[in-house]
Amino acid sequence: MDVIIGRDDAEVGAYAAAKVAKVAHAVQQAGKNLVLGVATGSSPLATYAALAEWVRAGKLDLSQASVFALDEYVGLPEGHPESYREVIRRTVAEPLGIRPDRVHVPDGFAADLQRAARDYEQEIKDAGGVDVQLLGIGSNGHIGFNEPTSSLSSRTRIKTLTPQTRRDNARFFESPEQVPQHCLTQGLGTIMDARHCVLLAAGAAKADAVKAVVEGPISAMCPGSVLQLHPKATVILDAAAASKLELAAYYQDMYANLPAWQRLDVLS
Ligand code: F6R
């Protein structure tokens with residue numbers, strides 16, 4: 001696991017965007033189209049902003065890329081502004097110039113949710129798998145909506161959100177009661193199939209979860225800790241989110257002394 005510590009959220013976004021651009025370049029060099037795994041919530045917004053900037057400046061072309069969302073609420077009416085289908089359209093697809101038919105979100109509106117979950121697994125497979133997956137971390141250690149005690153090898157399925165997650169996400173709704181109780185989420189096994197995983201966290205509220213993901217035991221009680229088993233996982237943090245890491249100085253020293261080809265150049 002590589003740990004990169006930036007100064008602030010904007011620098012976290014710039015590093016993560018550089019990682020996506022690096023993978024996109026390698027995929028394009030191999031004659032393929034990028035398959036980008038995207039998260040919703042606050043953590044990846046600076047990354048999307050940096051990517052959008054490079055797309056606008058002509059430094060990055062994502063017009064042939066497809067995106068796969070991690071999760072979707074169950075129980076919202078179709079077209080609800082906080083449904084992840086809408087959030088991904090606003091924050092990812094439009095600013096990055098991704099064609100609408102290449103935007104994939106689990107179908108949380110389906111009558112048969114189990115079938116929708118199976119279909120989503122198939123859609124990811126049909127696209128050739130995810131090249132690089134962006135992830136946020138819940139204050140309780142979830143990635144996607146894989147809440148504590150999720151199977152470390154789970155696939156896309158229906159999950160019940162914990163009261164903690166519903167409280168954390170209440171800021172997006174008019175009242176906490178409006179946050180749905182259920183969701184469809186990629187499983188931890190699904191996420192682990194991505195060829196690169198990039199976990200982003202900013203702010204002191206994430207420091208305990210980050211410590212558990214990076215330096216704690218691998219445990220279903222902290223689902224994000226499964227990333228310790230991923231061969232290409234990068235964790236990008238701001239100083240506050242990294243503040244509880246025992247080996248923070250080591251990670252900083254290691255990154256500062258990487259050979260140039262391994263670094264993530266923050267494009268300006
Ligand atoms: C969102 C998702 C969640 C969030 C996590 C952190 O698609 O899968 O795991 O990444 O809840 O949310 P923020 O970034 O809003 O703190």
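Both ligands and their constituent atoms are indexed starting at 1 by order of listing. Being a predicted model, the structure only gives us computed values, none of them experimental. Keep in mind that the numbers below use all heavy atoms, side chains included, and drop hydrogens, waters and symmetry copies.
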message: Taking atom CD as the centre, does Q262 end up with more than 12 heavy-atom neighbours from other residues, nucleotides or ligands that are less than 6.0 angstrom away?
response: yes

query: Can you list the atoms of ligand 1 that are under 4.0 Å from a heavy atom of D71?
result: 1 (C), 2 (C), 7 (O), 8 (O)

task: Could you list which atoms of ligand 1 come closer than 4.0 Å to a heavy atom of G41?
output: 14 (O), 15 (O)

message: Strictly below 4.0 Å, N to O, side chains only: are E53 and R56 in salt-bridge contact?
response: yes

task: Using non-hydrogen atoms of the residue, decide whether E147 is closer than 4.0 angstrom to ligand 1.
output: no

query: Does Y84 share a hydrophobic cluster with V35, counting links as ILVMFWY side-chain heavy atoms below 4.5 Å and allowing steps through other members?
result: no

field: side-chain contact (heavy atoms from CB on, under 4.5 Å) between V27 and Q64, worked out
entry: CA-CA 11 Å; V27 168; Q64 301 305 310; over 6 Å; no

task: Determine, step by step, whether F172 and Y73 satisfy the ring-ring contact (aromatic ring centres under 6.0 Å, His included) criterion, reporting the C-alpha distance in whole Å, the side-chain angles of both residues, the deciding distance to 0.1 Å, and the verdict.
output: CA-CA 13 Å; F172 297 113; Y73 289 120; 8.7 Å; no

task: State whether R89 and E94 are salt-bridged, where the test is any N-O pair (Lys NZ or Arg NE/NH1/NH2 against Asp/Glu carboxylate O) under 4.0 Å.
output: yes

task: Look up atom CG in L200 and atom OG1 in T234, then write down how far apart they are to the nearest 0.5 Å.
output: 10.0 Å

- request: Please report which non-hydrogen protein atom sits nearest to atom 5 (C) of ligand 1, along with the residue it belongs to and the distance in Å to one decimal place.
  value: H142 NE2, 3.4 Å

message: List ligand 1 atoms under 4.0 Å from I137, heavy atoms only on the residue side.
response: 5 (C), 6 (C)

- request: Before signing off on this row, confirm whether R171 and ligand 1 have an N or O atom pair separated by under 3.5 Å.
  value: yes

- line: For L70, the ligand 1 atoms with a heavy-atom partner under 4.0 Å come out as 8 (O)

statement: protein heavy-atom neighbour closest to atom 14 (O) of ligand 1 works out as S43 OG, 2.5 Å

- line: closest protein heavy atom to atom 16 (O) of ligand 1 is K206 NZ, 2.6 Å

message: Give the atom numbers and elements of ligand 1 that come within less than 4.0 Å of a heavy atom of S42.
response: 13 (P), 14 (O), 15 (O)

query: Is there a donor-acceptor contact under 3.5 Å linking the side chains of T190 and E121?
result: yes

Residue part near ligand 1, for T40, under 4.0 Å between non-hydrogen atoms: both

query: Can you tell which part of Q186 has a heavy atom less than 4.0 Å from ligand 1: side chain, backbone, both or neither?
result: neither

- line: Here the atoms of ligand 1 under 4.0 Å from any heavy atom belonging to G136 are 10 (O)

statement: Taking only non-hydrogen atoms of G144 and a 4.0 Å limit, the atoms of ligand 1 in range are 2 (C), 3 (C), 8 (O), 9 (O)

query: Do the side-chain N and O atoms of T160 and Q181 include a donor-acceptor pair separated by under 3.5 angstrom?
result: no

